[in-house]
*Asks:* 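Here you go, one structure.
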Amino acid sequence: MCREINLIIGCGAVDSSRSSVPSGLKVAIDIDQEIIETFHRRNPEILAVCADATHLPFANQSIGRTEATHVLEHLTKVESSMALCEIDR
């Protein structure tokens, strides 16, 4: 499968202009539904999904590029390891 998705993990409720993810299909995830709703209102051009970084809802090898700025420090060591494994798959 080709890597078509540019993923923003832990998008927060900010404007997408902070993202270094290139153009193309952008998907933003955050574990907080309210944050996802706010993010989507501010960035309607980006698909916003409520999801956990340790269990990404994407097929293997479908992510082209991932941005996870200020995310891992909020996770336990086990969760960080799980999230990195998810990003790599």
*Asks:* Considering only Ile, Leu, Val, Met, Phe, Trp and Tyr, and joining two whenever side-chain heavy atoms are under 4.5 Å apart, list the other residues clustered with M82.
*Replies:*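 Under the 4.5 Å side-chain rule, M82 groups with V78.
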
*Asks:* Is there side-chain contact between L75 and E73, with at least one heavy-atom pair below 4.5 Å?
*Replies:*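 Contact flag for L75/E73 side chains = no.
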
*Asks:* Donor-acceptor pair, distance only, cut-off 3.5 Å: does the side chain of D30 make one with the backbone of G12?
*Replies:*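 Side chain of D30 to backbone of G12: a pair is present.
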
*Asks:* Stepwise, does the side-chain contact (heavy atoms from CB on, under 4.5 Å) test hold for H74 with L72?
*Replies:* CA-CA 5 Å; H74 298 287; L72 297 179; over 6 Å; no

*Asks:* Side-chain donor-acceptor pair under 3.5 Å between R89 and N60, yes or no?
*Replies:*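 The criterion, which ignores hydrogens and geometry beyond distance, is satisfied for N60 and R89.
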
*Asks:* Tell me every residue that passes side-chain hydrogen bond (donor to acceptor under 3.5 Å, both in side chains) with H55, counting only those two or more places apart in sequence or in another chain.
*Replies:*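 Per chain and number, H55 pairs via side-chain hydrogen bond (donor to acceptor under 3.5 Å, both in side chains) with no residue.
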
*Asks:* Should I63 and L84 be regarded as members of a common hydrophobic cluster, given that ILVMFWY residues are connected when their side-chain heavy atoms come within less than 4.5 Å of each other, either directly or indirectly?
*Replies:*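 Cluster IDs for I63 and L84 match.
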
*Asks:* Say you draw a straight line from CG of L25 to CD1 of I5; how long is it, rounded to the nearest 0.5 Å?
*Replies:*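 Reported to 0.5 Å precision, the distance equals 5.5 Å.
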
*Asks:* Taking all atoms of both residues into account, what is the closest heavy-atom pair of A48 and H40, and its distance?
*Replies:*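 Closest pair (atom of A48, atom of H40, distance): CB-CB, 4.0 Å.
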
*Asks:* side-chain hydrogen bond (donor to acceptor under 3.5 Å, both in side chains) with Q33: which residues, sequence neighbours excluded?
*Replies:*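 In terms of side-chain hydrogen bond (donor to acceptor under 3.5 Å, both in side chains), with neighbours along the sequence ignored, Q33 is linked to E37.
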
*Asks:* Testing L56, V71, I8 for side-chain contact (heavy atoms from CB on, under 4.5 Å) with I29, which one passes?
*Replies:*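 Among L56, V71, I8, the one that satisfies the side-chain contact (heavy atoms from CB on, under 4.5 Å) with I29 is L56.
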
*Asks:* List in chain and number order the residues that pass side chain to side chain contact (heavy atoms under 4.5 Å, CB included) with L47, two or more places apart in sequence or in another chain; answer none if no residue qualifies.
*Replies:*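 Per chain and number, L47 pairs via side chain to side chain contact (heavy atoms under 4.5 Å, CB included) with V27, V49.
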
*Asks:* If you measure from CZ on R65 to CG on L7, what distance do you get to the nearest 0.5 Å?
*Replies:*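 One finds 11.5 Å between CZ of R65 and CG of L7.
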
*Asks:* Just jot down the side-chain hydrogen bond (donor to acceptor under 3.5 Å, both in side chains) partners of D32, sequence neighbours excluded, or say none.
*Replies:*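 D32: no side-chain hydrogen bond (donor to acceptor under 3.5 Å, both in side chains) contacts found.
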
*Asks:* Quick one: side-chain hydrogen bond (donor to acceptor under 3.5 Å, both in side chains) partners of S80, sequence neighbours excluded?
*Replies:*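 Testing S80 for side-chain hydrogen bond (donor to acceptor under 3.5 Å, both in side chains), a comparison that skips the adjacent residues, returns none.
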
